[in-house]
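In this text, all values refer to a predicted model and were calculated from it rather than measured experimentally. A, B, ... follow the sequence lines: proteins, then strands. Residue 1 opens every chain.
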Amino acid sequence: VDFVPFGDGEKGMAKQIWVWSPLVVLFVLCFLLWQGMRLDPHKVPSNLIAQPLPMLTFKRLNNDSVTTTQLIGNVDLLHVWASWCLTCRQEHLFLLQLAKRHHLRIAGLIYHDSVANIQQWLQERGDPYQMVLFDPNGDGILALGIYGTPETFIVDQHGIILHKHIGDINPRNWPDLIKYLPKLKAAI
Amino acid sequence: MGRLLLVLLFSLTAVAKTADVYPLPTPEQRLAFQHLTTELRCLVCQNQNLADSNAELAITMRGKIHRMLLQGKSEADIKEFLQQSYGNFILFSPPLTWQTLGLWLLPFMVLASGVLLAGVKLWSWSVRL
């Protein structure tokens, strides 16, 4: 009997499919896994894009209460940070520049930190913030879906969340963020 | 045996600790607390649930879950609240939607194709015999 590895005719075609299909499946799997390696599981997309800021009450540095309603129309960025956060330390200079150069109104939402630490930081390093917000029991942090520092929400004049940026703001990623800021976009 | 006892000893203290830190009046609420903290993901140390994690975020979330239960909120209410702000990623078991359909169906499709393959092969062998 002749040994014909892939046969011929119609039966041969069917056999070829059987032979090659595992290899095809393997390649598809490899491609998906390779794609998966490029994803960063620590960058969790926000569930609040295109939604209004949740109604919350924060404390300011002087212990006054401030609600979301008072933020709407008065802030462009809601920046989540802490004095123990090293990345926040690195980006601070750039935030100072942004606030000064573009008249960007930044609200700083403090994540797990004390009033004393924050006051000391702002005195030593300068204060780019329109207002500093504390969230003593963590309700605001949870309602905004915050899970680390620094995180930044870009908010429009009606209090709608346009974008969330995870990680520091720096001269390299700033051009990508500026797209979401209507008033700056017009100026550029 | 000794190791087993050791494990049992520490698991008991863990349960006792949770009950001390987050006291709840009814057994239903205690059960709800246990369910929620084991079924929700800590987004900081992503492969740990809220019960196991000691990250600041997990502590904040446990506190919030506790407060919401004391306010009389149901397990579903609390899950919905956290899912609303953190998205489906916070759930260890994602809901069945159009987006996750493949995720849920793929294992069954693979199983079905395996059974089909085995069936066809067995049939062709039995025919040849």
Worksheet item: Do the side chains of Val25(A) and Trp20(A) join up, straight or via other hydrophobic residues, at under 4.5 Å, putting them in one cluster?
Response: no

Discussion item. Tell me whether the count of non-hydrogen atoms from other residues, nucleotides or ligands lying under 6.0 Å of CZ in Arg172(A) goes above 12.
Written reply: no

Worksheet entry | Leu96(A) reachable from Trp121(A) in the ILVMFWY side-chain graph, under 4.5 Å edges | no

Practice prompt. State the CE-OH distance between Met61(B) and Tyr147(A), to the nearest 0.5 angstrom.
Written response: 11.0 Å

Item to complete: State yes or no: do Ile72(A) and Leu56(A) share one hydrophobic cluster built from I, L, V, M, F, W and Y residues joined by side-chain heavy-atom distances below 4.5 Å, directly or via other members?
Response: no

Practice prompt. Measure across Ala143(A) and Ser85(B) and return the closest heavy-atom pair with its distance rounded to 0.1 Å.
Written response: O-CB, 3.1 Å

Worksheet item: With a 4.5 Å heavy-atom cut-off, do Leu48(A) and Gln84(B) have their side chains touching?
Response: yes

Worksheet item: Between atom CG of Leu57(B) and atom CD1 of Ile141(A), what is the distance when rounded to the nearest 0.5 Å?
Response: 8.5 Å

Worksheet item: Mind checking whether Phe89(B) and Ile65(B) sit in one hydrophobic cluster, side chains of I, L, V, M, F, W, Y counted as touching below 4.5 Å?
Response: yes

Worksheet item: Gln46(B) side chain to Pro41(A) main-chain N or O, any donor-acceptor pair under 3.5 Å?
Response: yes

Practice prompt. Rounded to the nearest 0.5 Å, what's the gap from CG on Asn137(A) to NZ on Lys64(B)? Could you check?
Written response: 7.0 Å

Worksheet item: Distance-only, no hydrogens or angles: does the Asn47(A) side chain make a donor-acceptor pair with backbone N or O of Asn88(B) under 3.5 Å?
Response: no

Response to the item:
Nearest heavy-atom approach of Thr60(B) to Gly138(A) is CG2-CA, 3.8 Å

Practice prompt. Determine whether Leu162(A) and Leu98(A) fall in the same hydrophobic cluster, where Ile, Leu, Val, Met, Phe, Trp and Tyr are linked whenever their side-chain heavy atoms lie under 4.5 Å apart.
Written response: yes

Worksheet entry | Atom pair OH (Tyr86(B)) and CD1 (Ile146(A)), whose distance is rounded to the nearest 0.5 Å | 6.5 Å

Worksheet item: Is the number of heavy atoms from other residues, nucleotides or ligands within 6.0 Å of CD (Gln99(B)) greater than 12?
Response: no

Worksheet item: Can you check whether His42(A) reaches Val44(B) side chain to side chain, under 4.5 Å on heavy atoms?
Response: no

